[in-house]
2 protein chains.
Amino acid sequence: MEGTGKLGQGSEHNDENAPRVPVHQQVYAQLREAVLFGELAPGQAVTIQGLIERTGAGMTPIREAIRRLTSEGALEFRGNRRVVVPMLTADAIDDLIFLRETVESRLAAHAAEKITAPDITALEKIDAQVDEAITRGDVSAYLRQNFAFHAKLYAVANAPILMDVANSVWLRFGPSMRVVCGRMGTQNLPDNHKTALDALKAKDAEATANAMREDVVQGMEQIREALLDGTAFSDTID
Amino acid sequence: MEGTGKLGQGSEHNDENAPRVPVHQQVYAQLREAVLFGELAPGQAVTIQGLIERTGAGMTPIREAIRRLTSEGALEFRGNRRVVVPMLTADAIDDLIFLRETVESRLAAHAAEKITAPDITALEKIDAQVDEAITRGDVSAYLRQNFAFHAKLYAVANAPILMDVANSVWLRFGPSMRVVCGRMGTQNLPDNHKTALDALKAKDAEATANAMREDVVQGMEQIREALLDGTAFSDTID
DNA sequence: CTAATCAGAATTTGATCATATTTTTGTGGC
DNA sequence: GCCACAAAAATATGATCAAATTCTGATTAG
């Protein structure tokens, strides 16, 4: 295995005309994925030095990436100068549920008005992979494909500001989501995507919004229950 | 006047036990204010070099500040390496109105449940300064005090995630708000703070939420009208 | 003969890194 | 148990390299 997780587009066959991606963006993207899909546990510390070793990048681009993620709620300034993956409180999860409900259903409604046939095909393809991940019991794949479905819907909606809010919300519950799924497996996970797809095909904005709201609330309630139980998060130290 | 706008807490009498504020936070705070209160016009370019001269800081902390503000929607990546103060589109303003309505009324409801007597006193004090700014016709003071009122309410609500969203929304419409107020003066500006204060004193969450919703919608509609007219923003080149 | 366009040079700006300075933390001796 | 010292980590600066925009001037079309 490649192992180190270093950056850089490898020595092989550097795409010529590709507009090269700045290091700070690569670090940002990598760290963002790590948070979004729970590769970093809630409460875990994120240090500049650690990222220098992990990525091989210099310190300036790493600082920029950390600041960005902090502003987006993916990371949290903890007092002195320690940065950690935030842990969800009960109040926080309520606010996240509220935000996902309102923002995501509005995005869904927008999407229903603008969606095209190729978009629907793409969504169906992603949803098939969600199903496959569930039957396979592959938590990591489920998280990624489920997010891909929602992200595609955001892209169709074409509302950058709402999308920013939605993405920030995902970053905030991502780590906890992973912990919960890790415990419960993929059996009880929500998948109202079929209903949403039907509504999208009919270009029915309200029905689409309702389907997504249902999907969102079901998923988020599982996190809330697990969090209130206290069992799911007992291993993450403060 | 102090003139240069340089950072640093001056040579005089450096507060000993004050935990000194990192440069990147100072730059962030300064730039944030500039956007929030319209000292930078929509469409205006923001360069690293320019900020180095303006603030006297090194380039790393300035980069960090710019990344943060970009993530918060106060600035916008434009193409390859140009960062500008974003200009509002008609679609964007609709989304901002929606977000302010939903998020800010929820914050207001939270605040109504948690507010204490000293908080109310503080809010009344701020609101008095809002009134004074309006009668004086001082646009800049109005913008600052009006924001202070809402910010204080957010602080009372004690819901960090919702507050982040609200702050991001303010940063996005701040520059346009300034342009609109500059044209119209302070006469027709909304001030439903009295109604909100009455509701807060009664700890009536729903009434508080409604009052704030009213205040928000009134203010935002003015921006939308001005933006759709096209007159208010004609001087800002693309 | 004027004006517009394009190529190449020059200047400006951004990206990254290496280094110095300050702060925090951890450890051992008193 | 507390203070001092040492090691580690974060902050901040400036230098260096690369890329892009702007500027200039010449050539050509009208």
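The sequence lines fix the lettering, A, B, ..., with proteins before strands; numbering per chain opens at 1.
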Within residues 162-175 of chain A or reaching into it, pairs that qualify as salt bridge (Lys or Arg N to Asp or Glu O under 4.0 Å) - sequence neighbours excluded: A:Asp164-B:Arg172, A:Arg172-B:Asp164

Residues B:Glu64, B:Arg67; criterion salt bridge (charged side-chain N to carboxylate O under 4.0 Å, His left out); working and verdict: CA-CA 5 Å; B:Glu64 294 179 58; B:Arg67 297 290 175 236; over 6 Å; no

A:Gln49, nearest nucleotide to its side chain (from D:dA9, C:dG14, C:dT16): D:dA9

Atom pair distance, as rounded to whole Å: CD in A:Gln26 and P in C:dC17: 10 Å

Nearest-angstrom distance from the residue atom CZ of A:Arg68 to P of C:dA15: 11 Å

Nearest-angstrom distance from the residue atom CD of A:Gln25 to P of C:dG14: 15 Å

Value in whole Å for how far the P atom of C:dT16 lies from CD1 of A:Ile48: 16 Å

Nucleotide C:dT12, atom C1' - distance to CG of B:Leu51 in whole Å: 15 Å

N or O in side chain of B:Arg67 less than 4.0 angstrom from C:dA15 OP1/OP2: yes

d(CD, A:Glu64; P, D:dA12) in whole Å: 14 Å

Exam field: side chain A:Gln26 to backbone A:Val21, donor-acceptor pair closer than 3.5 Å: yes

Nearest-angstrom distance from the residue atom CD of A:Glu53 to P of D:dA10: 11 Å

Contacts of B:Asp138 that satisfy side chain to side chain contact (heavy atoms under 4.5 Å, CB included) - sequence neighbours left out: B:Arg136, B:Ser140, B:Ala141

Nearest listed nucleotide, side chain of B:Val23, among D:dA12, D:dA9, D:dT22: D:dA12

N/O-N/O pairs, protein side and nucleotides 19-23 of chain C side, under 3.5 Å:
residue	atom	partner	partner atom	Å
C:dT23	O3'	A:Arg81	NH1	3.1

Listed partners of B:Phe149 passing ring-ring contact (aromatic ring centres under 6.0 Å, His included), at least two apart: B:His193

Between P of D:dG14 and CD1 of B:Ile52, the distance in whole Å: 9 Å

Base of C:dT13 paired with side chain of B:Thr47 (donor-acceptor, under 3.5 Å): no

DNA chain C: 5'-proximal contact among A:Pro61 and B:Val83 (nearest heavy atom): B:Val83

Contacts of type ring-ring contact (aromatic ring centres under 6.0 Å, His included), residue B:Tyr28, not counting sequence neighbours: none

Qualifying salt bridge (Lys or Arg N to Asp or Glu O under 4.0 Å) pairs with a residue from residues 34-43 of chain B, counting only residues at least two apart or across chains: B:Glu39-B:Arg144

